[in-house]
Peer 1: 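Supplied in structure tokens, the structure appears directly below.
Atoms within each ligand, like the ligands themselves, are counted from 1 in listed order.
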Amino acid sequence: MKGYEKYQRAYFMPPECTYDWVKKDYIDKPPIWCSVDLRDGNQALIEPMSLEEKLQFFEMLVKIGFKEIEVGFPAASETEYNFMRALIDRNMIPDDVTVQVLTQAREHIIKKTFEAVKGAPHAVIHLYNSTSVAQREQVFKKSKEEVKQIAIDGAKLLNKLASETEGNFSFEYSPESFPGTEVDYAVEVCNAVLDVWQPKASNKAIINIPTTVENAMPHVFATQVEYIHKHLKYRDAVTLSLHPHNDRGCGVCDAELGILAGADRIEGTLFGNGERTGNVDIITLAMNMFSHGVDPKLNFSNLPAIREKYESFTRMHVYERQPYAGDLVFTAFSGSHQDAIAKGMAWREEKKLNEWSVPYLPVDPMDVGRTYDSDVIRINSQSGKGGVNYILKQNFGISLPEKMREEVGYLVKHVSDEEHKELSPQWVYEIFEDKYVKRQPYFQIEECHFKQVDGIMAEATIVHGGQNHLVSANGNGRLDAVSNIIKQYFGISYELSVYEEHALSHGSSSKAMSYVGITCYGQMYWGVGIDDDIIRSSISALVVAVNQVPSIKSSVEIQDKRLMEMKNYIQTNYQTVTLEDMAKQFHLSEPYISKYIKEKSGQTFVELVQGVRMKKARTLLKNGNMTVENIAYSVGYQNVEHFNRLFKKKYEMTPVQYRNSCSK
Ligand SMILES: CC(=O)SCCNC(=O)CCNC(=O)[C@H](O)C(C)(C)COP(=O)(O)OP(=O)(O)OC[C@H]1O[C@@H](n2cnc3c(N)ncnc32)[C@H](O)[C@@H]1OP(=O)(O)O
Ligand SMILES: CC(C)C(=O)C(=O)O
């Protein structure tokens, strides 16, 4: 990339470097927080906030817990001035909150500033001038001594006006553009200002080190801060403050390492609003401490509400990946993350843990006002069974059997992949419901009764092909008996492999949720039933599962095949066959068999059997010398008269007449 040659490292290492800060691994207490949202944040907005918006923002900051708030640059504009006046005149500053105002080290600006703060219960007057090499040379065209003198003169004027103005004031000084300033020179200017102010431990001055434009790595800044911390005069009477910006994206690191290096106070903004890339984000800093088990003394427990107000006042947008606050920062789309989160949450619930250790979630989303339902696991084509299962459980109380999860996971992610869309929890449920719960195309079971016969006997109406069929079968339990009915009716074979059930609470009502997995030719098919009644819900689940078996589609052919099988059975056993035999042979009820045969063949069972017997009798009459009596007996009639009558009715001649006609 062209152009890099024109840059140089414009920061300064201190004359002596110490690295005590590096030995500490966390921040054990919060710094003094100062919000500069209404000043640095506001001055960087395309459209600065109105007076009313600033008032509301101020109230929000107080509610969050800020005790120090830089409210503006009163000399900058009427709005800024009026805002300061409004806070004082309307008595809006709580006793435990200190407001702060910024001023350049210029006489008329300082005077205007004091006019604005007249009568303040307690205000910090924040004085600044640039001390960097670049600004000394290019902007002020002044020597080090002359630039120091600007600060000294400003400091003196603050002393004078503070003593003349009604109110209670303390002072802050910032060597602006510190990153381009020699560190020992910055300390020299700060100490000169402190010499003017003569701070006391009971009335501390604030020395504020800004990374006006961040230009070095965070460890460089930490080393600079440690030097300042060790070389400031009146250290016990000075609050060492930092004001990090984010030009290199290291504002948070600068603040954290700076605190380790000796800083007592942090100036920053919500969501990192501020000049260019912004000021340090106080929410991130506070929540980083929180996530280490340290109370930051700021309340971000309803971050979505804070964010909503912030966006409306500033007309800025909080980035989706903004730490702790962005839309997506607690969201896992990818399968393995979702799986680990779901397991972590379950583990936490099961062990009743207070400590937070859920994988992939740095803090409990609930602690910042987010929800597990819609924030944590969201489904797209990167998701897996763990996530889909979590969504169904979290949102709909559905606890899928372990073995069913993978199939459901793939089903759902496939839809997302095809649609190229994220799936809402409702959409996920509908995909699940369509496949496993809804009425299925091939058959239903309506009306099912049970009797205690040989285990359990079920009698059910199968609705199939637009007709109702009454069928019965035995089993070692109710579901097994119904399953046998289905097997016999469709002539299919499968194994009832999984049955699980649980209560499903929906508002005040509770339903039974059943899951049935059947194995047919090595393949699992699943169905789910939801019903007030546990038996009905399990039967529904079974019906859905069997409806998924591909061979059910050809159930009509199976039915036709069955008629042939029945006819063959009758052909073979025509002499003795009864409906009772048939029922046993085909595992169907007698009424069902007679109805089935009539529907399928147009003949009754008796007509069918008689047809076969008569046909056999005719063959015997035609081909042999057996007596009619023996023939009647051999085809299944005990009574020859009865045989004669039936024969005559069917062929309009007696068996003897038939034999005679054949021999002619
Ligand atoms: C890093 C920061 O965020 S610092 C804060 C920056 N914020 C703002 O500037 C917002 C508010 N500022 C303003 O509204 C205006 O700048 C005002 C009203 C304060 C001053 O307005 P003006 O005097 O008209 O213009 P401007 O700010 O350009 O003045 C520049 C002059 O002030 C001098 N100056 C700038 N900053 C300082 C300072 N901190 N101390 C002393 N002199 C300063 C400049 O050297 C320049 O001097 P020159 O007139 O001799 O050339
Ligand atoms: C006035 C100072 C503190 C400032 O805003 C900066 O240097 O960024």
Peer 1: Walk me through it: do Asp254 and Val280 pass the test side-chain contact (heavy atoms from CB on, under 4.5 Å)?
Peer 2: CA-CA 9 Å; Asp254 289 342; Val280 68; over 6 Å; no

Peer 1: Tell me, please: is Glu176 in heavy-atom contact with ligand 1, that is, under 4.0 Å?
Peer 2: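 Heavy atoms of Glu176 do come under 4.0 Å of ligand 1.
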
Peer 1: Given that the side chain starts at C-beta and the backbone is N, CA, C, O, which of these parts of Arg39 lies under 4.0 Å from ligand 1, counting heavy atoms, or is it both or neither?
Peer 2: side chain

Peer 1: Give the ring-plane orientation class for Trp197 versus Phe171, where under 30° counts as parallel, over 60° as perpendicular and anything between as tilted.
Peer 2: tilted

Peer 1: How long is the straight-line distance from CG of Asn299 back to CD1 of Ile306, given to the nearest 0.5 Å?
Peer 2: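 CG of Asn299 is found 7.0 Å from CD1 of Ile306.
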
Peer 1: Measure the distance from atom 44 (C) of ligand 1 to every protein heavy atom, then report the residue, atom name and distance (to 0.1 Å) of the closest one.
Peer 2: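 Scanning the protein heavy atoms, the shortest distance from atom 44 (C) of ligand 1 goes to Phe140 CE2, 4.2 Å.
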
Peer 1: Mind checking what makes salt bridge (charged side-chain N to carboxylate O under 4.0 Å, His left out) contact with Lys343, not counting sequence neighbours?
Peer 2: Asp339

Peer 1: Does ligand 1 have any atom that is closer than 4.0 Å to a heavy atom of Leu127?
Peer 2: no

Peer 1: Can you pull the residues with any heavy atom under 4.0 Å from ligand 2?
Peer 2: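 Near ligand 2, by chain and number: Arg39, Asp40, Leu102, His126, Tyr128, Ser174, Glu176, Asn208, Pro210, Thr212, His243, His245.
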
Peer 1: What protein heavy atom sits nearest atom 49 (O) of ligand 1, and how far off is it?
Peer 2: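 I find the closest protein heavy atom is Arg106 NH2, 4.3 Å.
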
Peer 1: Answer with side chain, backbone, both or neither: which part of Tyr128 has a heavy atom less than 4.0 angstrom from an atom of ligand 1?
Peer 2: both

Peer 1: Can you list the ligand 1 atoms lying under 4.0 Å from a non-hydrogen atom of Ala75?
Peer 2: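 This gives 18 (C) as the contact atoms.
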
Peer 1: Can you see whether Glu267 engages Gln100 through a side-chain donor-acceptor pair at a distance of less than 3.5 angstrom?
Peer 2: yes

Peer 1: Decide ring pair (Phe, Tyr, Trp, His ring centres under 6.0 Å) for His245 and His243; before the verdict, give the C-alpha distance in whole Å, the side-chain angles of both, and the deciding distance to 0.1 Å.
Peer 2: CA-CA 7 Å; His245 277 273; His243 179 106; 5.1 Å; yes

Peer 1: Under a 4.0 Å threshold between the charged nitrogen and the carboxylate oxygen, would Glu115 count as salt-bridged to Lys111?
Peer 2: no

Peer 1: Measure from atom 28 (O) of ligand 1 to the protein's non-hydrogen atoms and state whether any distance is below 4.0 Å.
Peer 2: no

Peer 1: Report the member of Ala105, Ala44, Gly72, Ser174 with the shortest heavy-atom distance to atom 40 (N) of ligand 1.
Peer 2: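 The option holding the nearest heavy atom is Ala105.
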
Peer 1: Do Arg136's NZ or CZ and the ring of Tyr185 fall within the cation-pi criteria of under 6.0 Å and 45°?
Peer 2: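 Verdict for Tyr185: a cation-pi partner in Arg136.
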
Peer 1: Start with the C-alpha gap between Phe271 and Tyr310, add the side-chain angles, then the distance that decides, and say whether ring pair (Phe, Tyr, Trp, His ring centres under 6.0 Å) holds.
Peer 2: CA-CA 9 Å; Phe271 308 105; Tyr310 163 83; 4.6 Å; yes

Peer 1: Under 6.0 Å from the ring centre and within 45 degrees of the ring axis: does the NZ or CZ of Lys24 meet both conditions for the six-membered ring of Trp21?
Peer 2: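 Here Lys24 fails the 6.0 Å and 45° test against Trp21.
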
Peer 1: Is NZ or CZ of Lys309 both nearer than 6.0 Å to the six-membered ring centre of Phe57 and within 45° of the ring axis?
Peer 2: no

Peer 1: For atom 15 (C) of ligand 1, what is the closest protein heavy atom, and at what distance to 0.1 Å?
Peer 2: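 Its nearest protein heavy-atom neighbour is Gln104 NE2, 4.8 Å.
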
Peer 1: Quick one: which ligand 1 atoms are inside 4.0 Å of a heavy atom on Ile109?
Peer 2: 19 (C), 20 (C)

Peer 1: Please check if any side-chain donor atom of Thr269 sits under 3.5 Å from a side-chain acceptor atom of Asn279, or the reverse.
Peer 2: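 No, no side-chain donor-acceptor contact under 3.5 Å.
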
Peer 1: Please work out whether the ring planes of His337 and Tyr360 are parallel, tilted or perpendicular, with thresholds of 30° and 60°.
Peer 2: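 Rings of His337 and Tyr360: parallel, under 30°.
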
Peer 1: Checking the N or O distance criterion of under 3.5 Å, is ligand 1 in contact with Gln43?
Peer 2: yes

Peer 1: Can you confirm whether something in the protein, heavy atoms only, sits under 4.0 Å from atom 32 (O) of ligand 1?
Peer 2: yes

Peer 1: Which of the numbered atoms in ligand 1 are below 4.0 angstrom from a heavy atom of Leu102?
Peer 2: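 Going through ligand 1 atom by atom, the ones under 4.0 Å from Leu102 are 5 (C).
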
Peer 1: Check whether any protein heavy atom sits under 4.0 Å from atom 7 (N) of ligand 1.
Peer 2: yes

Peer 1: Which residue owns the protein heavy atom closest to atom 10 (C) of ligand 1, what's the atom, and how far is it?
Peer 2: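 Checking every protein heavy atom, the shortest distance to atom 10 (C) of ligand 1 gives Phe73 CD1, 3.9 Å.
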
Peer 1: Could you find the nearest protein heavy atom to atom 13 (C) of ligand 1 and give me its residue, atom name and distance?
Peer 2: Ala76 CB, 4.1 Å

Peer 1: Measure up the Phe300 and Phe66 rings against each other and bin them: parallel (under 30°), tilted (30 to 60°), perpendicular (over 60°).
Peer 2: perpendicular

